[in-house]
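Counting convention: from 1, in listed order, for ligands and their atoms alike. Starting from 1, each residue takes its place in the sequence as its number.
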Amino acid sequence: MKHSADLYLSNRLNERKQAGNFRTLKPENTDLIDFSSNDYLGFAHSLVLKQLIADELAKHPNHLNGSTGSRLLSGNLGYAEDLERWIANYHSHEAGLLFNSGYDANLGLFSSLPQRGDTVITDELIHASIIDGIRLSNANRYTFRHNDLTSLEEKLKNAKGQIYVVVESVYSMDGDIAPITTMLDLTKKYNAQLIVDEAHAIGVFGKGIIDELNLQQEIFACVITFGKAMGTHGAIVLGSNLLREYLVNFARSFIYSTAASFHQLAAIKMAYRLLDEAQSEIEKLHINIQLLNKYLVDFQIGSESKSAIHCVLVGSNEKAKHISEKLKDAGIDIRPVLSPTVAVGTERLRICMHAYNTHQQIELLANTLNKLIK
Ligand SMILES: Cc1ncc(COP(=O)(O)O)c(C=O)c1O
């Protein structure tokens with residue numbers, strides 16, 4: 001071995017191989033039917049969006065290829081600040097701050113907001129980016145049972161300092177929806193602040209679930225990511241002007257990172273333009289979701305989901321990988337989700353539905369899955 005640290009690296013990798021959860025990067029395979037990407041509305045594939053972005057870039061011929069620095073140094077574009085105001089207004093929040101990714105947004109928000117002595121209570125299935133952010137803070141972190149209000153209240157009763165409760169409106173691995181309105185009542189009772197990650201809700205539910213419920217003024221903050229239904233990349237934290245100012249001063253993933261390029265900002269702006277015209281794509285997506293629900297329930301292989309994410313539990317890493325390989329042989333791209341990404345025993349196939357999947361593709365998926373699982 002070349003370096004003294006190599007032994008540790010290879011031992012850890014061998015442990016992964018033995019546990020059946022060794023990760024490798026796979027080359028893209030565009031021949032397969034896409035039931036795995038987060039491109040729920042087809043924006044990432046959209047030639048209309050590509051053209052809108054090209055036109056927007058052409059309108060700003062002097063734009064730079066890169067932003068040249070962080071937002072607090074040379075990288076702050078007036079275009080970025082206008083876009084933040086526009087997006088905040090679109091979602092009926094006072095202000096917004098762009099981050100280079102959803103991971104960066106959650107890392108910056110949760111590492112800077114709660115302080116030593118404060119408490120952050122998250123759903124047990126909360127995304128890794130939120131867990132990592134809280135870990136970087138000095139706050140206490142507790143989890144409550146998934147979507148369970150009794151469990152949440154137990155944690156709220158014992159919480160100290162300023163309390164934050166964090167949920168996803170649509171859960172990334174299970175596809176189910178948090179009971180946000182009741183959670184909000186509970187958080188009010190304990191003077192806690194509710195923060196909602198809308199990564200898998202934006203686009204799938206129009207402006208998102210917080211907008212559907214009209215709770216913008218009630219929650220403390222909301223995280224929207226652009227890499228899923230919006231088909232681009234980046235994220236924004238929405239909330240008050242005060243929160244925005246705080247994050248500009250204390251969110252380290254914002255402060256110490258090169259700002260997004262003009263191209264990325266233009267892509268986000270144009271994705272919002274497309275979203276406003278995407279009603280028929282949203283309807284197609286929901287018709288497809290209903291169709292898959294029907295198959296999963298009729299074949300008794302999965303449960304209904306209202307979102308674009310469906311999961312079929314198979315119970316082990318080996319089984320999940322095996323079925324995913326067999327699906328690939330049938331021309332279908334569905335990725336296995338293995339432990340430790342999900343809890344042991346809940347290893348699964350995660351099916352992502354899209355507006356562009358055809359009814360024949362969904363039928364093929366359901367029949368193939370049914371044969372493989374039984
Ligand atoms: C709920 C949730 N939040 C945040 C993120 C991170 O967003 P991004 O992919 O833009 O870094 C993800 C991505 O998987 C997610 O599922």
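- Atom 16 (O) of ligand 1 has its closest protein heavy atom at His200 NE2, 2.7 Å.
- In terms of polar-atom proximity, Glu168 is not counted as a contact of ligand 1, lacking any N or O under 3.5 Å from an N or O of the ligand.
- For atom 3 (N) of ligand 1, the nearest non-hydrogen atom of the protein is Asp197 OD2, 2.6 Å.
- Under the 4.5 Å side-chain heavy-atom criterion for ILVMFWY residues, a single connected hydrophobic cluster contains both Leu327 and Ile373.
- Contact check for Glu84 versus Arg244: side-chain heavy atoms found under the 4.5 Å cut-off.
- For the residue pair Ser261 and His263, no side-chain donor N or O sits within less than 3.5 Å of a side-chain acceptor on the partner.
- Listed by atom number, the atoms of ligand 1 under 4.0 Å from Ala199 heavy atoms are 1 (C), 2 (C), 3 (N), 15 (C).
- Distance from atom 13 (C) of ligand 1 to its nearest protein heavy atom, with residue and atom name: Lys228 NZ, 2.7 Å.
- More than 12 non-hydrogen atoms from other residues, nucleotides or ligands lie less than 6.0 angstrom from NZ of Lys321.
- In the vicinity of Ser129, heavy-atom distances shorter than 4.0 Å reach the ligand 1 atoms 4 (C).
- With a 4.0 Å cut-off on non-hydrogen atoms, Asn106 touches ligand 1 through its side chain and not its backbone.
- Remark: the Arg350 side chain and the Thr341 side chain contain no N/O donor-acceptor pair separated by less than 3.5 Å.
- For ligand 1 and Ser172, the ligand atoms under 4.0 Å from any heavy atom of the residue are 16 (O).
- Here Lys284 pairs with Glu281 in a salt bridge; the nearest charged N to carboxylate O distance falls below 4.0 Å.
- Looking only at protein heavy atoms, the nearest one to atom 7 (O) of ligand 1 is Gly102 CA, 3.2 Å.
- Scanning the protein for heavy atoms near atom 12 (C) of ligand 1, the closest one is His127 NE2, 3.3 Å.
- For the pair Ala235 and ligand 1, no heavy-atom separation below 4.0 Å is found.
- Contacts with ligand 1 closer than 4.0 Å are made by no heavy atom of His233, backbone or side chain.
- Interface of Tyr103 with ligand 1, defined as ligand atoms under 4.0 Å from a residue heavy atom, comprises 6 (C), 7 (O), 8 (P), 11 (O).
- You'll find the side chain of Ile268 stays beyond 4.5 Å of the side chain of Met230, heavy atoms only.
- The closest donor-acceptor contact from the side chain of Thr232 to the backbone of Phe226 lies under 3.5 Å.
- Taking 4.0 Å as the cut-off between side-chain N and carboxylate O, Asp174 and Arg348 count as a salt-bridged pair.
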